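On a predicted model such as this, the values are computed, not experimentally measured, just so you know.
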Amino acid sequence: MYCTVCGEKLTLMFKQDEGLVPYCKNCAEYRFPRFATAVSMVVTNRTKDKILLAKHNGSDDYILFAGYIKKGETAEKAVTREFKEETRLDTVKYKYMGSRYHEPKELLMLNYVLIAENGTPVPDPNELDEVEWFEPDSALQAIRKDSLAEAFLKNALKEIKKL
C-alpha cells in the first residue's frame, strides 16, 4: 500500500484504539485504507414469487445484479440506475438489507431487495449474457455456492414477503 497523498510506501503502525493501521512516515499521518463501494440487488417481481438472476459476459455462474456507486451518487440512486442499465426495467420499490466487505475485490457491498416493474428484462450486451427468472428455491440452487451473492439471497428470501 502507498500513501494517497505523497506516494510513499506505507508501513503498519500501532494506533491507540485502532490497532495496526497503515502509516506514512513522509507525511507523518495514518492512512486508513480506501476501498470502493458497490450495490448488490436481490430482484423480485411484483408478486414476489420469482427471483431475477444474471450471467455476466463469459461466466457460467448466475449472480445477483450489482454495480459500483459513482462519485457523488447515493447508494439508492445507484440501485435504480444500475438495475435499469442492466435490464431496461424500472424499479417499483427497494429496501436496504445490509452490507458486507467483499475481500477478493476490496469493496464494501451494500445489499438491497428490489421489486422490479413488470416486463421482459433486456440484458445489457456489454455486461450480461443472460437474465432469467427463477422460483426462489431454484434461484438458491442456481446461484454460485458459498458466495456473497448466496448469503445475500438467503437473507433476502426471509424478508421479501414482508415488503
Between E82 and Y68, do the side chains contain an N or O donor and an N or O acceptor separated by less than 3.5 Å?
no
[X] side-chain N/O to [Y] backbone N/O, donor-acceptor pair under 3.5 Å:
X: N57; Y: D129; result: yes
X: T91; Y: T80; result: no
X: D137; Y: Q141; result: no

Within the supplied structure, the quantity of interest is the number of heavy atoms (other residues, nucleotides, ligands) at a distance under 6.0 Å from [X] [atom1]; does it exceed 12?
X: E8; atom1: CD; value: yes
X: E103; atom1: CD; value: no
X: R46; atom1: CZ; value: yes

V92 with M97, same ILVMFWY side-chain cluster at under 4.5 Å:
yes
Cluster question for you: counting only ILVMFWY and a side-chain heavy-atom cut-off of under 4.5 Å, with indirect links fine, are F65 and V122 together?
no
Search all heavy atoms of [X] against all heavy atoms of [Y] and return the closest pair with its distance.
X: C3; Y: C27; result: SG-SG, 3.9 Å
X: I51; Y: A139; result: CB-CB, 3.8 Å
X: E73; Y: A78; result: OE1-CB, 3.5 Å
X: A75; Y: V39; result: O-CG1, 3.7 Å
X: P22; Y: L12; result: N-CD2, 3.7 Å
X: V113; Y: A156; result: CG2-CB, 3.5 Å

Set of ring pair (Phe, Tyr, Trp, His ring centres under 6.0 Å) partners for Y96, sequence neighbours left out
Y112
Could you list who else is in V21's hydrophobic cluster, with ILVMFWY side chains joined at under 4.5 Å, directly or through other members?
M13, Y23, Y30, F32
Hey, could you give me the [atom1]/[atom2] distance between [X] and [Y], rounded to the nearest 0.5 Å?
X: L148; Y: K105; atom1: CG; atom2: NZ; value: 10.5 Å
X: T4; Y: E29; atom1: OG1; atom2: CD; value: 10.5 Å
X: M109; Y: R100; atom1: CE; atom2: CZ; value: 11.5 Å
X: S99; Y: L110; atom1: OG; atom2: CG; value: 6.0 Å
X: I115; Y: M41; atom1: CD1; atom2: CE; value: 14.0 Å
X: N45; Y: N118; atom1: CG; atom2: CG; value: 7.0 Å

Beyond-backbone contact of [X] with [Y], side-chain heavy atoms, under 4.5 angstrom:
X: L53; Y: E132; result: no
X: K70; Y: R81; result: yes
X: I63; Y: R144; result: yes
X: V42; Y: I160; result: yes
X: V5; Y: N26; result: no

Results of side-chain contact (heavy atoms from CB on, under 4.5 Å) for E150 - residues two or more places apart only
I143, K145, D146, S147, K154
I'd like to know whether V131 forms a side-chain contact (heavy atoms from CB on, under 4.5 Å) with L52, so could you lay out the CA-CA distance, the side-chain angles of the two residues, the decisive distance to 0.1 Å, and finally the verdict.
CA-CA 7 Å; V131 295; L52 188 64; 4.2 Å; yes
Salt-bridged, D60 to K55, with N to O below 4.0 Å?
no
So, applying side-chain contact (heavy atoms from CB on, under 4.5 Å) with K84, which one of L89, D90, V79 is it?
D90
Hey, mind stepping through L157 and L140 against side-chain contact (heavy atoms from CB on, under 4.5 Å) and telling me if it holds?
CA-CA 9 Å; L157 289 175; L140 276 173; 3.6 Å; yes
So, Y94 versus F83, ring centres under 6.0 angstrom or not?
no
